[in-house]
Every structure is written in structure tokens, then in C-alpha cells.
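Got a structure for you, questions after.
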Amino acid sequence: MPKVKVKRTKPSLDMTPMVDLFFLLVTFFMLTATARQEEAVVVDTPSSVSVIKLPDTNVITITVDKEDRVFFGVDGQHTKEALLEKIAGKYGVGFTAEEKRTFSLLNNFGMPVSQLKSFLAMQSSARDEVRQPGIPIDSTQNELGDWVLQTRLTNPKVVIAIKGDNDANFATVQRVIDILQDKKVNRFNLVTDMEAMPGS
Amino acid sequence: MAEIQEKGDSGKGGKKRAKKSSTKVDMTPLVDLAALLITFFMLTTTFNKPQTMEINMPVDPKDETEQIELKASNAMTILLGEDDNLYYYFGLAADNPEVVETDYSANGIRKVLLSPEVKSNDMMTVMIKPMETSRYKNMVDILDEIKITDTKKYALVDFGEADEKLLEQQQLGQ
């Protein structure tokens with residue numbers, strides 16, 4: 001009687017389909033996703049039932065954080081470079097090409113124009129650590145109004161979104177709205193989180 | 001490991017064959033890499049775009065006298081106070097109406113906005129007056145309630161002295 005040979009197989013697994021699946025997912029994520037923008041502050045936005053989406057491009061984002069600091073951000077590198085040039089001309093601050101480039105890569109910032117130059121000259125790691133005081137919105141030193149006005153002159157298509165924190169003081173938001181209305185902006189968006197419509 | 005299973009040798013013949021090096025590739029590192037990339041992309045991306053709420057502010061009138069006075073019967077005012085307090089009254093502040101305290105829950109202001117007093121009157125204008133001390137969230141919440149209740153006429157108005165007096169008189173929000 002012949003010996004029954006136990007078939008010895010290695011405990012191996014064919015990983016090819018798994019690799020296929022993974023690469024499919026990678027491709028999917030790469031194509032559908034836009035990189036998360038680095039924000040200067042974290043804000044917790046209130047929720048609403050509104051389902052209007054914010055457009056991807058041509059958006060000015062005015063962020064109000066819970067300490068009532070105001071941050072300004074706009075998308076588009078060219079817009080930002082042109083914008084900085086205009087602001088520099090208005091405030092008489094000269095920016096180097098390097099600083100302009102840095103500025104065009106910033107997502108948002110909360111610095112008065114007078115301190116912007118030194119802020120842009122910093123290393124990016126140091127910039128993250130520095131506490132930004134926010135953009136001045138007083139009536140005597142209304143820089144936010146200038147930023148908004150110059151951005152709209154640079155890129156007339158922009159829409160304005162206000163991204164306020166839950167705990168932001170209404171007075172600050174009111175002031176921002178007043179500034180916008182002052183610049184003849186009567187229509188804007190409030191960025192909110194999603195919330196289900198009650199009873200649906 | 002990732003290997004294609006070997007076919008059992010038929011066991012025929014004792015011929016010595018040249019050892020064929022297998023064409024198998026170990027795929028494990030590839031899987032590792034792919035999983036790493038997936039993780040990276042999943043963490044760095046935002047899937048859903050932020051929602052927004054669109055509001056239109058009235059254009060500042062050039063001539064105040066051109067504005068039409070709001071009738072007391074068509075006015076409702078919501079006051080947003082400190083610490084998430086919420087008050088409302090019907091009519092105009094000058095007539096010393098009764099201020100009612102309510103809250104942001106579904107049984108609070110939403111019921112009021114859905115009540116026949118508001119719903120059956122097409123001319124009813126809701127004025128939202130946030131106090132300086134109220135939070136931004138309060139404003140969004142109220143605008144949201146307006147949207148939920150499908151109130152057509154509303155406006156964001158500055159909190160005035162008359163309202164403050166009204167609250168003081170009725171000992172609310174102190």
C-alpha cells in the first residue's frame with residue numbers, strides 16, 4: 001500500500017485581489033478628494049438645516065473664532081498675490097517676492113498689515129506657533145474692509161462666506177456684517193454644519 | 001505569504017529537472033504601501049463641502065422717509081439674549097407689549113413661529129434682534145428656525161434701546 005502523502009501546502013494567500021482593491025481605493029481617493037486646507041484657527045460652526053453647498057473656488061472666508069479674532073482667507077494663488085500687491089501699495093509696505101509667494105500659499109491669516117511682513121518672513125513652523133491677533137475691524141483701523149474691497153476688485157466673482165464659531169460674540173459678527181454692508185456686500189453665506197431637517 | 005499554490009508534483013519518474021525558480025511575487029509590501037496611501041488620503045481629505053446658509057441683508061436705505069412703517073399687528077420681535085435666553089413679543093416695543101420667554105427647542109420658538117398668529121398673517125414680519133452679548137450660534141439657530149418654519153418675512157435688526165427698556169421693565173434677562 002502506498003503511503004498516503006499528506007499534501008503539504010504553505011499557508012499562503014493570494015494577495016493580488018487585495019492589492020487590486022487597495023489601488024482602486026487609492027485612485028478613488030486621489031481623484032475625488034481635495035486636500036484639507038490648513039486653517040489658522042479651529043472653529044466649531046453651528047449647525048443648520050440648510051443644504052446649500054459652498055462653492056469650491058472664488059470664496060472669501062471670514063473666520064471669527066471664539067475669542068472674537070477675525071481671520072481673512074481667499075482662494076487662488078494669483079488672486080492672493082495680486083491682492084497683497086494692492087494692499088502693499090495702499091499701506092505703503094513693501095513685500096519681497098519670497099514673502100508674496102509665502103502669502104499666496106497661506107490659507108488664511110489674522111494679522112494686521114503692519115505685522116504681516118514679519119509674519120511672512122517667519123519659518124512656517126514658527127508661523128504656526130505664533131498667536132495671531134486677528135485682523136483689525138475697528139472703525140479707526142478697518143483693515144478687513146480693505147481686504148474685502150481689494151479682493152473684490154481683484155476678483156469680482158468672489159462670494160463671501162462667514163465662518164463663525166458657536167461661541168463667537170454676536171457683536172463681532174455684527175461688526176463684520178456692517179463692514180461688508182459698508183462695502184456694498186449685502187449677500188453672503190454663513191458656513192454651518194449639517195443638521196437633519198426635523199420631521200423628515 | 002502571497003504565493004500561488006504549488007501544484008503537487010505528479011511524482012512520476014525520477015528524472016532530475018532543473019529547478020525552476022518560481023515566478024511568484026511576494027505582494028505583502030505592495031499591500032502595505034497601498035494601505036498606507038489609503039490611510040493618508042482618507043485622513044487628509046475632506047469629503048463633504050461645508051454647508052452654508054445664504055442670507056441677504058437689506059440695502060441701507062438712502063432715504064429713511066421712503067420706508068413704510070411697519071404696522072404693530074404685523075410685527076413680531078425675537079430678542080436673543082445672553083446665556084442662550086430667548087424672548088419674543090408681538091407688536092411694537094413702544095406699545096409696551098408683553099415679553100414672553102422661550103427657548104430654542106422644538107417646543108419653544110418653533111411652536112410660536114408655527115402658531116396661527118404668525119402663519120395666518122401673510123404680512124407678519126419677524127424681526128430678529130440679537131443682543132451684543134448673544135452668541136453667534138444663537139443667530140444661526142434662529143435663522144435656522146425661520147427656515148424650518150418657512151417664515152417668509154424676516155429681518156435682522158439691531159437691538160435697540162426700546163427693547164432693552166422693555167426687558168428691564170418686565171425684569172427679564174437681568
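Letters go in sequence order (proteins before strands), and every chain restarts at 1.
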Open item on the list: What part of A:A161 gets within 4.5 angstrom of chain B, counting heavy atoms only: side chain, backbone, both, or neither?
Closed with: neither

Open item on the list: Under 4.5 Å from any heavy atom of chain B, what part of A:T45 do you find: side chain, backbone, both or neither?
Closed with: neither

Task: B:N138 versus B:D84, side-chain donor and acceptor atoms under 3.5 Å - done: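 Side-chain D/A pair, B:D84 to B:N138: present.
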
Open item on the list: Is it the case that the side chains of A:T61 and A:T63 hold a donor-acceptor pair, with the cut-off being a distance below 3.5 Å and no angle test?
Closed with: no

Task: Proximal component of B:L143, with respect to chain A [non-hydrogen, under 4.5 Å] - done: side chain

- [ ] For the residue pair A:Q181 and A:N186, confirm or rule out a side-chain donor-acceptor distance under 3.5 Å.
- [x]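 The answer is yes; a qualifying pair exists.
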
TODO: Examine whether an atom of B:V140 lies under 4.5 Å from a heavy atom of chain A, and if so say whether it belongs to the side chain, the backbone or both; otherwise answer neither.
DONE: side chain

Open item on the list: Under 4.5 Å from any heavy atom of chain B, what part of A:V173 do you find: side chain, backbone, both or neither?
Closed with: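 Contact with chain B: side chain only.
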
Task: Under 4.5 Å from any heavy atom of chain A - which part of B:D141 - done: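 The side chain, not the backbone.
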
Open item on the list: Tell me which of these, A:L21, A:V49, A:D165, A:L25, has more heavy-atom pairs under 4.5 Å with chain B than the rest.
Closed with: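 With the most close heavy-atom pairs to chain B, the winner is A:V49.
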
- [ ] Tell me, for A:D193 versus chain B, whether the close heavy atoms (under 4.5 Å) come from the side chain, the backbone, both or neither.
- [x] backbone

- [ ] Would you tell me whether B:S105 and B:D103 have side-chain atoms, one donor and one acceptor, within less than 3.5 Å of each other?
- [x] yes

- [ ] Considering only NZ, NE, NH1 and NH2 on the basic side and carboxylate oxygens on the acidic side, decide whether B:K152 and B:D150 come within less than 4.0 Å.
- [x] yes

TODO: Go through the side-chain N and O atoms of B:Y87 and B:D163 and say whether any donor and acceptor fall under 3.5 Å apart.
DONE: no

